[in-house]
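Here is the structure we will look at.
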Amino acid sequence: MINMKKIILFAAAMLLSISAFADENAQKGPRAIGGQLGYGAEITYQHAIKERQFVEANLGLNYMFGYGIRASYNWILVQPQWTDYGNWALYAGPGVGIGFGHGLSRYINNVNFGVMAILGVEFDFPFPLKLSAELHPGFSLGVGDGNETRKVLNMGSFFGFVPTIGVKYRF
């Protein structure tokens, strides 16, 4: 069986190597790659669809020794001119995710399916760097095997409100 940590590290290395070969002079690139910290660590990829719309995909590890993938479609709601240096953007959008947990959680081995929203603010520097702060309210349903001694199938739901901070390289 392939170790999931090795897969995640390999994916992170591939995404970072792609960004290393990107045009260093790009100022308003349609793509960005980076990381986010919230209730875990995530690798994030952002791709512009239209001038004020973008999709984002995340792969990460959470605080309960699990991992997950999520995707969202976002709209830039407003771009206030708060400073002369760089650009601000307030954005929001819906998303979906799937997570797999193991270890010290209520469900020893579980699968979670969820829907979420993204509410965020982003600062885009004149050089190819973005900083962001987001809130991810979401609801998920999980199915797990209870504990190792009883092997009982458990179902449950979870509502979360996860704050994150992120940094992305634009290319």
Side-chain angles (χ1 to χ4, degrees), residues 4 8 11-12 15-16 18-19 22 26-101 105-107 110-144 155-171:
M4 189 49 128
I8 292 172
L15 291 173
L16 291 174
I18 290 169
S19 68
Q27 291 298 313
K28 289 291 182 186
R31 297 172 299 275
I33 187 168
Q36 289 184 327
L37 294 175
Y39 287 153
E42 295 180 329
I43 297 168
T44 184
Y45 175 76
Q46 197 177 75
H47 189 85
I49 301 296
K50 295 183 180 177
E51 185 179 335
R52 297 176 64 92
Q53 299 171 17
F54 63 93
V55 293
E56 186 171 283
N58 297 291
L59 171 68
L61 298 171
N62 70 24
Y63 70 100
M64 292 172 43
F65 305 105
Y67 48 92
I69 300 169
R70 64 181 172 86
S72 61
Y73 191 94
N74 301 286
W75 289 271
I76 296 175
L77 304 174
V78 65
Q79 292 178 302
Q81 296 299 318
W82 289 333
T83 62
D84 294 334
Y85 182 79
N87 297 310
W88 290 91
L90 301 172
Y91 56 92
V96 295
I98 183 170
F100 305 94
S105 67
R106 177 177 167 210
Y107 305 112
N110 67 346
V111 177
N112 291 297
F113 303 94
V115 295
M116 63 175 180
I118 304 286
L119 306 169
V121 59
E122 187 170 75
F123 183 72
D124 197 356
F125 287 94
F127 49 91
L129 183 70
K130 293 181 175 192
L131 299 178
S132 64
E134 297 177 347
L135 294 175
H136 300 174
F139 179 77
S140 67
L141 296 174
V143 178
M155 295 183 72
S157 62
F158 173 74
F159 177 77
F161 196 76
V162 181
T164 64
I165 57 171
V167 60
K168 297 175 192 86
Y169 171 75
R170 188 180 64 245
F171 61 99

Going from [atom1] on [X] to [atom2] on [Y], what distance comes out if it is rounded to the nearest 0.5 angstrom?
| X | Y | atom1 | atom2 | answer |
| --- | --- | --- | --- | --- |
| H136 | T164 | NE2 | OG1 | 3.5 Å |
| F54 | R31 | CZ | CZ | 15.5 Å |
| L90 | W75 | CG | CH2 | 16.0 Å |
| L61 | I43 | CG | CD1 | 8.5 Å |
| N87 | I76 | CG | CD1 | 9.5 Å |

Open item on the list: I need the full list of salt bridge (charged side-chain N to carboxylate O under 4.0 Å, His left out) pairs touching residues 75-97, with sequence neighbours left out, sorted by first then second residue.
Closed with: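 Every candidate salt bridge (charged side-chain N to carboxylate O under 4.0 Å, His left out) pair involving residues 75-97 fails, so no pair, neighbours aside, qualifies.
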
- [ ] Only pairs at least two apart or in different chains count here, so list each salt bridge (charged side-chain N to carboxylate O under 4.0 Å, His left out) that has a residue in residues 33-50.
- [x] E42-R70

Task: Test log, rule side chain to side chain contact (heavy atoms under 4.5 Å, CB included), inputs L131 and F125 - done: CA-CA 8 Å; L131 299 178; F125 287 94; 3.6 Å; yes

- [ ] Grab the two heavy atoms, one from F123 and one from W88, that are nearest each other, plus how far apart they are.
- [x] CD1-CE2, 3.4 Å

TODO: Taking all non-hydrogen atoms of both residues into account, name the closest pair between S132 and Y91 and its distance.
DONE: CB-OH, 3.8 Å

Task: Audit row: E134, L119, side chain to side chain contact (heavy atoms under 4.5 Å, CB included) steps and yes/no - done: CA-CA 6 Å; E134 297 177 347; L119 306 169; over 6 Å; no

- [ ] For side chain to side chain contact (heavy atoms under 4.5 Å, CB included), just list the numbers for K168 and Q36, CA-CA rounded to whole Å, side-chain angles, deciding distance to a tenth of an Å, and then say yes or no.
- [x] CA-CA 9 Å; K168 297 175 192 86; Q36 289 184 327; 4.1 Å; yes

Open item on the list: Closer than 3.5 angstrom, by distance alone: can the side chain of S72 be matched with the main-chain N or O of N74 as a donor-acceptor pair?
Closed with: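 No, S72 side chain to N74 backbone: no donor-acceptor pair under 3.5 Å.
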
TODO: Please step through side chain to side chain contact (heavy atoms under 4.5 Å, CB included) for the pair T44 and E56, ending with a clear verdict.
DONE: CA-CA 7 Å; T44 184; E56 186 171 283; 3.4 Å; yes

